[in-house]
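Take a look at the structure below.
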Amino acid sequence: MKTSFYFFLWIIIYPLLGLTHNPWIYQNSFIVALIIVWVISWFLNKNMPDTLRYERVTAMSSIMEEIYSGNITAFRQRLSRRVTVDFITSLYMGVAFVFILFSMVRGSADDWIALLIFGFFAFSTISRAVKLSQVNNRIKSNPTKEECAIAVEQIYRIDYSSYNNARMHTTAEAMLPPRPRHFKSFQIFSLIIAIVCALFGLFYLVMSVIMLAGNRSADVISGGIMYFLYGSLAAYFGISDSVSCIAYFRNNLPIKRDL
């Protein structure tokens with residue numbers, strides 16, 4: 001599934017949990033939401049393996065084609081976007097970590113699990129962003145297909161040499177697996193969710209501005225910063241995935257007969 005789908009899940013799960021009026025669920029809402037998202041992800045991967053695999057393969061194919069065609073500028077721009085997103089994500093996780101830590105120190109909360117999870121994700125995303133930035137700078141210094149091939153193998157764990165050898169004898173479309181049944185419906189659903197996610201992201205951005213405007217409360221300021229960072233990510237992925245879905249319909253790439 002596209003990233004905007006999981007942002008959409010996080011946005012709607014918390015209000016739904018509040019409707020239960022269960023004190024235990026309210027106190028452990030983060031863990032409950034995390035479990036729900038994991039279960040949904042597991043269910044989708046178990047019941048839609050061909051669709052999700054085809055989505056991943058087509059995404060990787062577009063990356064490989066940028067390198068194969070020598071479009072190094074596009075590949076570097078892709079890496080730059082990932083660096084920016086990872087830095088914003090790490091900031092969001094870091095602010096959430098500090099907010100939870102302060103709440104625990106003041107005795108208004110006691111959520112060690114959420115603290116550890118946010119701390120882990122903050123560290124992992126900033127580490128990934130630094131690594132991506134180093135790779136991007138290396139390509140900037142040596143803008144060659146060979147350097148890009150090394151980068152794609154390091155970042156995406158893909159054997160570009162095998163792709164390159166196969167691509168020399170056929171087209172990119174011919175290398176794709178058969179399109180799963182109902183994939184067009186899946187793309188329509190993904191587009192709807194992406195648009196809703198983008199709108200939610202813009203709503204969070206507006207809310208963050210309202211919260212931060214003239215407010216001196218540490219809790220409200222930290223909450224406003226979290227809203228701003230989360231809204232920025234939700235808006236970005238919503239718009240990015242919307243563009244991706246629209247491009248799929250616009251390009252109408254020749255693909256093999258449905259299974």
Side-chain angles (χ1 to χ4, degrees), residues 1-16 33 37 40-41 44 48 51-52 54-66 71-96 121-122 124-126 128-129 132-133 135-136 152 155-156 182-213 223-253:
M1 299 296 290
K2 296 185 182 299
T3 308
S4 56
F5 172 77
Y6 292 101
F7 270 88
F8 173 77
L9 282 183
W10 275 106
I11 290 171
I12 65 172
I13 282 176
Y14 278 101
L16 293 178
V37 171
I40 292 175
S41 178
L44 292 174
M48 301 171 54
T51 298
L52 298 182
Y54 186 83
E55 184 185 36
R56 288 191 294 268
V57 169
T58 52
M60 290 299 103
S61 177
S62 64
I63 296 174
M64 295 297 199
E65 278 301 297
E66 288 177 353
N71 194 349
I72 298 173
T73 299
F75 184 69
R76 284 198 59 235
Q77 289 174 345
R78 181 188 296 273
L79 291 182
S80 297
R81 288 193 297 269
R82 281 199 57 182
V83 170
T84 301
V85 169
D86 279 352
F87 271 123
I88 294 176
T89 303
S90 63
L91 282 175
Y92 170 74
M93 297 295 177
V95 171
F121 281 121
S124 60
T125 51
I126 192 66
R128 187 172 63 223
L132 287 172
S133 182
V135 171
N136 200 19
V152 81
I155 298 169
Y156 299 101
H182 308 309
F183 188 74
K184 182 178 180 180
S185 299
F186 170 77
Q187 287 291 83
I188 294 174
F189 172 78
S190 297
L191 176 60
I192 295 172
I193 294 298
I195 293 173
V196 174
C197 179
L199 293 175
F200 270 121
L202 294 175
F203 171 77
Y204 272 79
L205 288 174
V206 172
M207 288 295 296
S208 70
V209 173
I210 295 174
M211 293 174 67
L212 294 171
I225 293 174
M226 290 174 63
Y227 268 46
F228 177 81
L229 295 172
Y230 188 87
S232 299
L233 292 170
Y236 168 78
F237 283 113
I239 294 172
S240 177
D241 290 345
S242 297
V243 171
S244 174
C245 292
I246 293 172
Y248 168 81
F249 294 110
R250 181 182 298 168
N251 293 337
N252 193 24
L253 294 176

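Not measured: the values here are computed from a predicted model. These numbers come from the heavy atoms of this one structure, side chains and all, not from hydrogens, waters or symmetry mates.
Remark: Ser61 OG to Tyr54 OH distance equals 9.0 Å, nearest 0.5 Å. Between the CG atom of Leu199 and the CD1 atom of Ile11 there is a distance of 10.0 Å, given to the nearest 0.5 Å. Separating the CE atom in Met93 from the CE atom in Met226 is a distance of 9.5 Å, to the nearest 0.5 Å. The CD atom of Glu66 sits 8.5 Å away from the CD atom of Gln77 when rounded to the nearest 0.5 Å. Between atom CG of residue Leu132 and atom OG1 of residue Thr125 there is a gap of 11.0 Å, rounded to the nearest 0.5 Å. Taking CG of Leu9 as the start and SG of Cys197 as the end, the distance is 10.0 Å to the nearest 0.5 Å.
The backbone N or O of Phe228 lies less than 3.5 Å from a partner atom in the side chain of Ser232, making a donor-acceptor pair. With hydrogens and angles disregarded, no donor-acceptor distance shorter than 3.5 Å links the side chain of Thr51 to the backbone of Met48. With Ser244 contributing its side chain and Ser240 its backbone, the two residues share no donor-acceptor pair below 3.5 Å. Within the 3.5 Å criterion, the main-chain N or O of Val85 finds a donor-acceptor partner in the side chain of Thr89.
Listed by chain and number, the residues in a ring pair (Phe, Tyr, Trp, His ring centres under 6.0 Å) with Tyr92 are Tyr230 (sequence neighbours excluded). By the side-chain hydrogen bond (donor to acceptor under 3.5 Å, both in side chains) test, Arg128 is found to be paired with Asp86, residues two or more places apart in sequence or in another chain being considered. The ring pair (Phe, Tyr, Trp, His ring centres under 6.0 Å) test applied to Phe200 returns no partner, not counting sequence neighbours.
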Test side chain to side chain contact (heavy atoms under 4.5 Å, CB included) applied to Ser133 and Arg82, step by step: CA-CA 9 Å; Ser133 182; Arg82 281 199 57 182; over 6 Å; no
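Side chains of Ser80 and Asn136: a donor-acceptor N/O pair is present below 3.5 angstrom, by distance only.
Side-chain contact check for Leu91 versus Ile126: every heavy-atom pair is 4.5 Å or farther apart. The side-chain heavy atoms of Leu52 and Phe186, taken from C-beta on, include a pair separated by under 4.5 Å. Taking 4.5 Å as the limit, every side-chain heavy atom of Leu191 sits out of range of all side-chain heavy atoms of Gln187.
Shown here is Tyr6, whose OH atom has more than 12 heavy atoms of other residues, nucleotides or ligands within 6.0 Å. Other residues, nucleotides and ligands contribute more than 12 heavy atoms inside 6.0 Å of the CZ atom of Phe87. Other residues, nucleotides and ligands contribute over 12 non-hydrogen atoms within 6.0 Å of the OH atom of Tyr204.
Scanning all heavy atoms of the two residues, the minimum distance from Gly224 to Ser208 falls at O-CB, 3.2 Å. Scanning both residues, Ile13 and Ala33, for their nearest heavy atoms gives CG2-CB, 3.6 Å. Of all heavy-atom pairs spanning Ser90 and Ala122, the tightest one is CB-O, 3.8 Å.
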